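These notes concern the structure reproduced below.
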Amino acid sequence: GSISWHMGKTSFSGPLHQQQSMILVPRDAPGVKILRALTVFGEAEDHADIIFDNVRVPATNILLGEGKGFEIAQGRLGPGRIHHCMRSLGQAELALAALVDRAHRRKAFGKIL
(Lines give C-alpha, C1' and ligand atoms only; values in the text may rest on other atoms or scores of the structure.)
Protein backbone atom coordinates (compact mmCIF):
# COMPACT_ATOMS: atom_id res chain seq x y z
CA GLY A 1 0.00 0.00 0.00
CA SER A 2 0.99 3.62 -0.28
CA ILE A 3 1.98 5.97 2.51
CA SER A 4 0.93 9.57 3.02
CA TRP A 5 2.10 12.18 5.48
CA HIS A 6 -0.11 14.32 7.66
CA MET A 7 0.31 17.19 10.08
CA GLY A 8 -1.58 17.29 13.33
CA LYS A 9 -1.49 18.57 16.87
CA THR A 10 0.65 16.34 19.08
CA SER A 11 1.10 18.65 22.06
CA PHE A 12 -1.01 21.19 23.93
CA SER A 13 1.89 22.87 25.72
CA GLY A 14 4.95 24.85 24.72
CA PRO A 15 5.24 27.34 21.85
CA LEU A 16 2.33 27.12 19.38
CA HIS A 17 4.65 26.48 16.42
CA GLN A 18 6.05 23.40 18.17
CA GLN A 19 2.72 21.74 18.96
CA GLN A 20 2.33 20.20 15.48
CA SER A 21 4.03 17.12 14.09
CA MET A 22 4.12 15.38 10.73
CA ILE A 23 3.62 11.66 10.62
CA LEU A 24 3.66 8.93 7.99
CA VAL A 25 0.40 6.97 7.77
CA PRO A 26 -0.20 3.96 5.50
CA ARG A 27 -3.32 4.65 3.45
CA ASP A 28 -4.54 1.13 4.09
CA ALA A 29 -4.13 1.37 7.89
CA PRO A 30 -7.24 0.37 9.84
CA GLY A 31 -9.37 3.45 10.49
CA VAL A 32 -8.17 5.52 7.50
CA LYS A 33 -11.08 6.48 5.27
CA ILE A 34 -10.44 8.68 2.23
CA LEU A 35 -13.69 10.49 1.53
CA ARG A 36 -12.79 12.34 -1.67
CA ALA A 37 -9.92 13.86 -3.58
CA LEU A 38 -9.58 17.64 -3.38
CA THR A 39 -8.51 19.66 -6.40
CA VAL A 40 -5.84 22.35 -6.56
CA PHE A 41 -6.14 24.48 -9.70
CA GLY A 42 -8.42 21.82 -11.17
CA GLU A 43 -6.05 18.91 -10.56
CA ALA A 44 -6.75 16.12 -8.07
CA GLU A 45 -3.23 15.22 -7.01
CA ASP A 46 -2.31 14.67 -3.39
CA HIS A 47 -4.94 16.45 -1.30
CA ALA A 48 -8.01 14.74 0.14
CA ASP A 49 -10.72 14.79 2.78
CA ILE A 50 -9.71 11.98 5.14
CA ILE A 51 -11.24 10.59 8.32
CA PHE A 52 -8.91 9.04 10.87
CA ASP A 53 -10.90 6.80 13.22
CA ASN A 54 -8.60 5.55 16.00
CA VAL A 55 -5.70 5.04 13.58
CA ARG A 56 -2.57 3.68 15.25
CA VAL A 57 0.95 3.96 13.83
CA PRO A 58 4.36 3.59 15.51
CA ALA A 59 5.88 6.71 17.10
CA THR A 60 8.85 6.16 14.78
CA ASN A 61 6.59 7.33 11.93
CA ILE A 62 6.91 10.94 13.19
CA LEU A 63 9.09 12.93 10.78
CA LEU A 64 12.13 14.82 12.21
CA GLY A 65 10.74 14.43 15.73
CA GLU A 66 7.73 15.61 17.67
CA GLY A 67 6.90 19.29 17.28
CA LYS A 68 8.73 19.71 13.95
CA GLY A 69 5.61 19.88 11.74
CA PHE A 70 5.76 23.61 11.04
CA GLU A 71 9.49 23.42 10.36
CA ILE A 72 8.84 20.79 7.69
CA ALA A 73 5.88 22.72 6.28
CA GLN A 74 7.91 25.95 5.99
CA GLY A 75 10.58 24.11 4.02
CA ARG A 76 7.94 22.90 1.56
CA LEU A 77 6.05 26.19 1.14
CA GLY A 78 8.56 27.99 -1.08
CA PRO A 79 8.87 25.28 -3.75
CA GLY A 80 5.10 24.70 -3.63
CA ARG A 81 4.37 28.38 -4.18
CA ILE A 82 6.77 28.50 -7.12
CA HIS A 83 5.11 25.40 -8.61
CA HIS A 84 1.62 26.92 -8.35
CA CYS A 85 2.82 30.29 -9.71
CA MET A 86 4.35 28.55 -12.72
CA ARG A 87 1.09 26.70 -13.38
CA SER A 88 -0.91 29.94 -13.07
CA LEU A 89 1.44 31.75 -15.46
CA GLY A 90 1.13 28.93 -17.96
CA GLN A 91 -2.66 29.12 -17.85
CA ALA A 92 -2.54 32.92 -18.21
CA GLU A 93 -0.30 32.59 -21.28
CA LEU A 94 -2.73 30.09 -22.84
CA ALA A 95 -5.67 32.41 -22.14
CA LEU A 96 -3.84 35.41 -23.65
CA ALA A 97 -2.91 33.41 -26.76
CA ALA A 98 -6.55 32.34 -27.18
CA LEU A 99 -7.72 35.97 -26.84
CA VAL A 100 -5.16 37.23 -29.37
CA ASP A 101 -6.15 34.48 -31.81
CA ARG A 102 -9.82 35.34 -31.42
CA ALA A 103 -9.14 39.06 -31.85
CA HIS A 104 -7.32 38.36 -35.14
CA ARG A 105 -10.28 36.33 -36.45
CA ARG A 106 -13.15 38.37 -34.91
CA LYS A 107 -15.46 40.10 -37.30
CA ALA A 108 -17.82 42.89 -36.34
CA PHE A 109 -19.97 44.79 -38.80
CA GLY A 110 -18.46 42.79 -41.65
CA LYS A 111 -14.83 43.66 -40.87
CA ILE A 112 -12.02 42.07 -38.86
CA LEU A 113 -11.40 44.04 -35.68
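What you see below is based on every heavy atom in this structure, not just the backbone, and it leaves out hydrogens, waters and symmetry mates. If you read the sequence from its start, that first residue is 1, and numbering goes on from there. Given the structure is predicted, the values throughout are model-derived calculations rather than measurements.
The CE atom of M86 lies 13.0 Å from the CD atom of Q91; values are rounded to the nearest 0.5 Å. Atom OG1 of T60 is separated from atom CD1 of I23 by 8.5 Å, given to the nearest 0.5 angstrom. Atom OG of S88 and atom CZ of R81 lie 13.5 Å apart (nearest 0.5 Å). For the atom pair NZ (K68) and CE (M22), the distance works out to 13.0 Å, reported to the nearest 0.5 Å. Once rounded to the nearest 0.5 Å, the distance linking NE2 of H84 with CG of L89 reads 13.0 Å. In this structure, NE2 on H47 lies 10.5 Å from OG1 on T39, to the nearest 0.5 angstrom.
Q20 places no side-chain N or O within 3.5 Å of a backbone atom of G69 that could act as its donor or acceptor partner. For the pair Q19 (side chain) and G14 (backbone), a donor-acceptor distance under 3.5 Å is present. Between the side chain of S21 and the backbone N or O of G67 there is at least one donor-acceptor pair closer than 3.5 Å. Checked by atom type and distance alone, the side chain of H104 pairs as donor or acceptor with a backbone atom of V100 at under 3.5 Å. Remark: side-chain polar atoms of N61 are paired, donor with acceptor, to backbone N or O of L24 under 3.5 angstrom.
The shortest side-chain heavy-atom distance between I3 and V25 does not fall under the 4.5 Å cut-off. Looking only at side-chain heavy atoms (C-beta outward), C85 and H83 stay at 4.5 Å or farther from each other. Counting only heavy atoms from C-beta outward, the side chains of R27 and I34 approach each other to under 4.5 Å. Looking at heavy atoms from C-beta onward, M7 lies in side-chain contact with F70 at the 4.5 angstrom threshold. V55 has its side chain out of reach of P30: every pair of non-hydrogen atoms, C-beta onward, lies at least 4.5 Å apart. Looking at V32 and I50, their side chains come closer than 4.5 Å, going by heavy atoms from C-beta outward.
Criterion: ILVMFWY side-chain heavy atoms under 4.5 Å apart, direct or through other members. Under it, L64 and I62 are not part of a common hydrophobic cluster.
Within a 6.0 Å sphere centred on NZ of K9, other residues, nucleotides and ligands contribute more than 12 heavy atoms.
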Given the rule in the side-chain contact (heavy atoms from CB on, under 4.5 Å) test, do Q18 and S11 qualify, once you have shown the distances and angles that lead to the verdict? CA-CA 8 Å; Q18 293 179 348; S11 175; over 6 Å; no

